[in-house]
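Here the structure is laid out as structure tokens; the discussion comes afterwards.
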Protein chains: 4
Amino acid sequence: MTDRPTLTVDTDDPTPPYEQLRRQLADLIEYGVLAPDDRLPPLRQLAADLGLAVGTVARTYRELESAGLVVSRRGGGTRVAAARSRPPAAVLHERAAAFVRDARLLGADDEQIRAAVAAVLGT
Amino acid sequence: MTDRPTLTVDTDDPTPPYEQLRRQLADLIEYGVLAPDDRLPPLRQLAADLGLAVGTVARTYRELESAGLVVSRRGGGTRVAAARSRPPAAVLHERAAAFVRDARLLGADDEQIRAAVAAVLGT
Amino acid sequence: MTDRPTLTVDTDDPTPPYEQLRRQLADLIEYGVLAPDDRLPPLRQLAADLGLAVGTVARTYRELESAGLVVSRRGGGTRVAAARSRPPAAVLHERAAAFVRDARLLGADDEQIRAAVAAVLGT
Amino acid sequence: MTDRPTLTVDTDDPTPPYEQLRRQLADLIEYGVLAPDDRLPPLRQLAADLGLAVGTVARTYRELESAGLVVSRRGGGTRVAAARSRPPAAVLHERAAAFVRDARLLGADDEQIRAAVAAVLGT
DNA sequence: GTGGTCTAGACCACC
DNA sequence: GTGGTCTAGACCACT
């Protein structure tokens, strides 16, 4: 019950598994859910948990590392890189902007957008 | 500026092009941006516009058809299937809920979420 | 209510419509359901009934004619050719052979095959 | 002679090759000739044997998979899906019924039908 | 003109 | 080695 965030791979999704995984981990890191210096699950354990080959997870970690989101130290596992998490406020703003763009595509006006958010927040 | 909604394919995204396209069109239909009986661009035109092979776009159209979102007739063309789009209000609510969930993952409270949306809306 | 045998085209079947039609008519002729000198439905009427373009039905008739199953006389419509229907007994035998082959593929032995036919015939 | 059931493609048949193949494999699976978990031939081997392009066989396998008859795993191979084949007795009865219907269309009575089957079975 | 399919060779993802 | 996809050009079926 160490409560690690649930990572999943959907085999029906044409997006390759290594990329599905990469996106989830990148999000968790950028969102600060995985804080700098936190350890990622060991390659083999994650592979076993998800029913993937080790090489597939290795590919994910490699991509994250070359993006600078993660650091693999030899013998020391893989940890979240220090300098890369962005301020949560910036991420929040970005997400809000994406939501608003989408809502407008749907034809919603400002008032409807505000109302929808209010409805979801409850009160 | 009466142009059709912009469809794009990102060649750096490991998600296969036919799937990127499929998602965009499925969204446009579900969002009601493309209304029932609206015509989709001809295979070859869309392929040319996006720099894709004809077969790739054909695959997208085929998938959309087998999902019941679209109807293709030989010699006819491809049109949005009737009675498939959901009420925009429902879709808007769903999107708002997804945004709020994301924002809370980031650690934002209700007030911050409201503020972020307000900031984006201007005013 | 002239009781013409029902011809149908399944648009979900990848077999082209002209070929679906051709097979049905060829069977009807070979089986003797359509007797020598019987008239086939007029091109345009059949096309209208099936929701096909005239050219598509024309293609079917053309194929039947070049197979010698049918004769188009100018101004006189299309009729079943005289010399082509095979003795029903021969066709029956052929069909029985096909059925037996299939049944054996399923692993059935002679007794099971006989029993299955008896069961269908009732009594 | 332990060879796998013969698959063939008739290039004179207007039915597209991927569909001819699909039907044959679907039949073999439904008939139980290919049992659950049996492996299908590798894409490229089957393509080579039949003189088809790889993509054509891939299309067949994809259709079978989306019909739930087969499961393909990347790097794994393609196998018959479990719990899909119908009881052979049911299939046999269905085939017998189809044969009888056909025979009656030809004008045969019960006795003639029985006789035709007996003749084929050899005694 | 519009959708549907095929080929041939190539590259990718996965085990 | 096995499945999955892409391209480029070609031909077919249909309206």
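We name chains A, B, ... by the order of the sequence lines, and we start the count at 1 in each one. Model, not experiment: these values are computed from the prediction.
- Pairing of F:dT7, defined by two Watson-Crick or G-U wobble distances under 3.5 Å, is identified with E:dA8.
- For E:dG3, one of the phosphate oxygens OP1 or OP2 lies less than 4.0 angstrom from a side-chain nitrogen or oxygen of B:T78.
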Chi angles and distances behind the side-chain hydrogen bond (donor to acceptor under 3.5 Å, both in side chains) call for D:T15, D:R22:
CA-CA 11 Å; D:T15 303; D:R22 191 199 62 73; over 6 Å; no

Where do A:R62 and A:E65 land on the salt bridge (charged side-chain N to carboxylate O under 4.0 Å, His left out) test, with the steps shown first?
CA-CA 5 Å; A:R62 202 184 335 128; A:E65 178 156 34; over 6 Å; no

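- Rounded to whole Å, atom C1' of F:dT7 lies 16 Å from atom CG of B:L46.
- The base of F:dG4 sits with one of its N or O atoms less than 3.5 Å from a complementary donor or acceptor on the side chain of D:R44.
- B:P14 comes within 4.0 angstrom of no nucleic acid atom, judged by non-hydrogen atoms across all strands.
- To the nearest angstrom, C1' of E:dG4 lies 16 Å from CZ of B:R73.
- Considering only the side chain of C:A53, F:dT15 comes nearest among E:dG3, F:dT15, F:dT7.
- With hydrogens and angles disregarded, no donor-acceptor distance shorter than 3.5 Å links the side chain of A:D27 to the backbone of A:Q24.
- Rounding to whole angstrom units, CG of residue D:L52 and C1' of E:dA8 are separated by 13 Å.
- If you take CG of C:L21 and P of F:dA13, they are 14 Å apart, rounded to a whole angstrom.
- Of the candidates E:dC6, F:dT5, F:dA13, F:dA13 carries the atom nearest the C:Y18 side chain, counting heavy atoms from C-beta on.
- Base pairing of F:dG1: its partner is E:dC14, meeting the Watson-Crick or G-U wobble criterion (both donor-acceptor distances under 3.5 Å).
- Closest to the side chain of D:R59, from the set E:dT7, F:dT15, E:dT5, is E:dT5.
- The B:A58 side chain lies nearest to E:dT5 when the options are F:dT5, E:dG3, E:dT5.
- Checking F:dC14, E:dG3, E:dT7 against every side-chain atom of B:S72, the shortest atom distance belongs to E:dG3.
- Side-chain contact check for B:Y61 versus B:L25: some heavy-atom pair is nearer than 4.5 Å.
- Listed candidates were E:dC15, E:dT2, F:dG3. Nearest to the side chain of B:P42 is E:dT2.
- Atom-to-atom, CG of D:L50 to C1' of E:dC6 comes out at 14 Å; the value is rounded to the nearest Å.
- At the phosphate of E:dA13, neither OP1 nor OP2 sits under 4.0 Å from any side-chain N or O atom of A:T56.
- Picking from F:dT5, E:dC14, E:dC6 the nucleotide with the shortest atom distance to the side chain of D:P16 gives E:dC6.
- Closest approach to the D:R74 side chain among E:dA13, E:dT2, E:dG3 is made by E:dA13 (side chain taken as heavy atoms from C-beta onward).
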